[in-house]
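In the text below, chain A, chain B and the rest are named by the order of the sequence lines, each starting its count at 1.
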Amino acid sequence: MTQFCLSFQNFRLHQRKAHTSEAGINNSLADVTRMTWKRIGLQGITTQDFKTTYLSLSGYEAVLAWFEDIDVNLKTVLNYTKNFMQFMKYINIDMDLLLVSNDQREYNRLTCLQVHISNMRSGLDSGVFELHKRQMNSKPMPPTPTEVKWVLAVAKADFYKGMDELRKKDDSGPILTKTRIAFINRYITAYLCLGQGIHVGEAENMYSSEFQAAYNGEWMLSDRGEPHIVVHVANHKTNVTQDCRIALNPYWTDNFDLYFRYLCTIIFRLKNPTHPYFFTQSDGHHFRKVSDWIKKLQKQYKVPKITSSTARCSWVERRPEAHRE
DNA sequence: CTCTCGGTGTATACGATCAT
DNA sequence: ATGATCGTATACACCGAGAG
């Protein structure tokens, strides 16, 4: 029986032609690899030695059984299956393998396998739907905004202290300690993600220029009648459609302005960074992994862990139906 | 000098969102 | 609605600057 080597480079190439992002390709390739390697007894086999004959229905069922064993969420199983199906589809149309002409028998076998997996996938689909319905019915209320913002309240005194240090500084001399800078970064991004319910990605990818533009622009009145500025985060690294508007009242505008004038400018000058992001680490690098830092902040102040996603649920829950979107 | 902690990279599970 | 893809949350090992 003819067996074929399969290079994952071909799969990558194929995905790139379909304009899939590099991260997306890595993601699905990792899923496929786990799916095919970890449970079909292929441990120790390199991708170069891979043969299509290794794919089988019993292998797929073994994977399902394994997932059941380790109690993986059904949605994840479905996700893996989707990726696996895409992988198989690719094999059957792969120009290097040319199964249709080179090995009609193997081509038919894989087509048959695809149909089987497609059927099982339908079962997974309805299972996920049921799961979703049940989850929606028994979904607990998200924490109240007060609970969400609890960490901001308990850390407020320290934050004041940090900002006072900043206020007293001129723009020369050494910057604050790295611990203090990290704390200020954590606190302000926690305010954005927990206090305003924005995505962590927006805090991470906000540009200095976006704050400046808002700061130099017009002040607006909020629905409560107090003046505030709106930072429109549009230059989003990951997804343009995920823009957001950050509304800052005078208190936060003052803090953001201090941050911008002292931390940003001093660190920029000393560390000569090459990026334009608003939040800056003491080493001049881009402040990222906001969700990790929020977690650490909550741990440090011994308050319950609440993620930015949960915070969004909390804020959405308290909006009129019409405004939720 | 030692050791804490800020920060990085990677793998994995899975929720969210886009296009159709 | 559905399939495909993107983004987030989390765990963990590791590095190294700099606080004490």
>> If I compare all heavy atoms of L194(A) with all of V148(A), which pair ends up nearest, and what's the gap?
In response: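 Residues L194(A) and V148(A), closest heavy atoms: O-CG1, 3.3 Å.
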> Are Y160(A) and W150(A) in one and the same hydrophobic cluster, where Ile, Leu, Val, Met, Phe, Trp and Tyr link if side-chain heavy atoms are under 4.5 Å apart?
Replying inline: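 Yes: a chain of side-chain contacts under 4.5 Å links Y160(A) to W150(A).
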> Looking across every strand, which nucleic acid part, if any, lies under 4.0 Å from R186(A) by heavy atom: base, sugar-phosphate, or nothing?
Replying inline: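 The answer is sugar-phosphate, as R186(A) gets under 4.0 Å only of primed atoms, P, OP1 or OP2.
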> Looking at dG9(B), does its base get a donor-acceptor pair with the side chain of K289(A) below 3.5 Å?
Replying inline: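 Result: at least one qualifying N/O pair found.
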>> What is the distance, to the nearest angstrom, from the NZ atom on K299(A) to the C1' atom on dT4(B)?
In response: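 After rounding, the reported distance stands at 13 Å.
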> Are any of T179(A)'s side-chain N or O atoms less than 4.0 Å away from OP1 or OP2 of dC5(B)?
Replying inline: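 No.
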>> Is the phosphate of dG7(B) approached by H285(A) (side-chain N or O, under 4.0 Å from OP1 or OP2)?
In response: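 No.
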> Between dA17(C) atom C1' and D283(A) atom CG, what is the distance in whole Å?
Replying inline: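 It works out to 10 Å between those atoms.
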> Parallel under 30°, tilted from 30 to 60°, perpendicular over 60°: which one fits the rings of W252(A) and F256(A)?
Replying inline: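 The rings of W252(A) and F256(A) stand perpendicular, inter-plane angle above 60°.
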>> For a salt bridge (Lys or Arg N to Asp or Glu O under 4.0 Å) check, start with the C-alpha distance between R167(A) and D164(A), then their side-chain angles and the critical distance, and finish with the verdict.
In response: CA-CA 5 Å; R167(A) 195 171 278 109; D164(A) 273 345; 2.7 Å; yes
> Rounded to the nearest Å, what distance is computed from the CD atom of residue E204(A) to the P atom of nucleotide dT8(C)?
Replying inline: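 Spelled out: CD on E204(A) to P on dT8(C) is 7 Å.
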> Rounded to the nearest Å, what distance is computed from the NE2 atom of residue H286(A) to the P atom of nucleotide dG7(B)?
Replying inline: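 After rounding, the reported distance stands at 13 Å.
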> From the list dA17(C), dT10(C), dT8(B), which nucleotide is the closest neighbour of the side chain of K295(A)?
Replying inline: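 Looking only at heavy atoms from C-beta outward on K295(A), the closest nucleotide is dT10(C).
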>> Is there a side-chain contact between Q281(A) and the phosphate of dT8(B), meaning an N or O under 4.0 Å from OP1 or OP2?
In response: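 It does, given that an N or O in the side chain of Q281(A) lies less than 4.0 Å from OP1 or OP2 of dT8(B).
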> Separation of F183(A) atom CZ from dC5(B) atom C1', in whole Å?
Replying inline: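 Between C1' of dC5(B) and CZ of F183(A): 15 Å.
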> Quick one: is dT10(C) close enough that its OP1 or OP2 comes under 4.0 Å of any side-chain N or O from T307(A)?
Replying inline: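 No, no such contact exists.
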> Hey, would you say the F287(A) and F278(A) ring centroids sit under 6.0 Å apart?
Replying inline: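 Ring centroids of F287(A) and F278(A) are no less than 6.0 Å from each other.
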> Does the side chain of S282(A) get closer than 4.0 angstrom to OP1 or OP2 of dG7(B) through an N or O atom?
Replying inline: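 The answer is yes; a side-chain N or O of S282(A) sits under 4.0 Å from OP1 or OP2.
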>> If you compare every side-chain N and O of H199(A) against the phosphate oxygens of dA16(B) (OP1, OP2), does one of them come in below 4.0 Å?
In response: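 Answer no for this pair, as no side-chain N or O of H199(A) is under 4.0 Å from OP1 or OP2.
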>> I want to verify a distance call: between dT8(B), dT8(C), dT10(C), whose nearest atom is closest to the S308(A) side chain?
In response: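 Closest nucleotide among those given: dT8(C).
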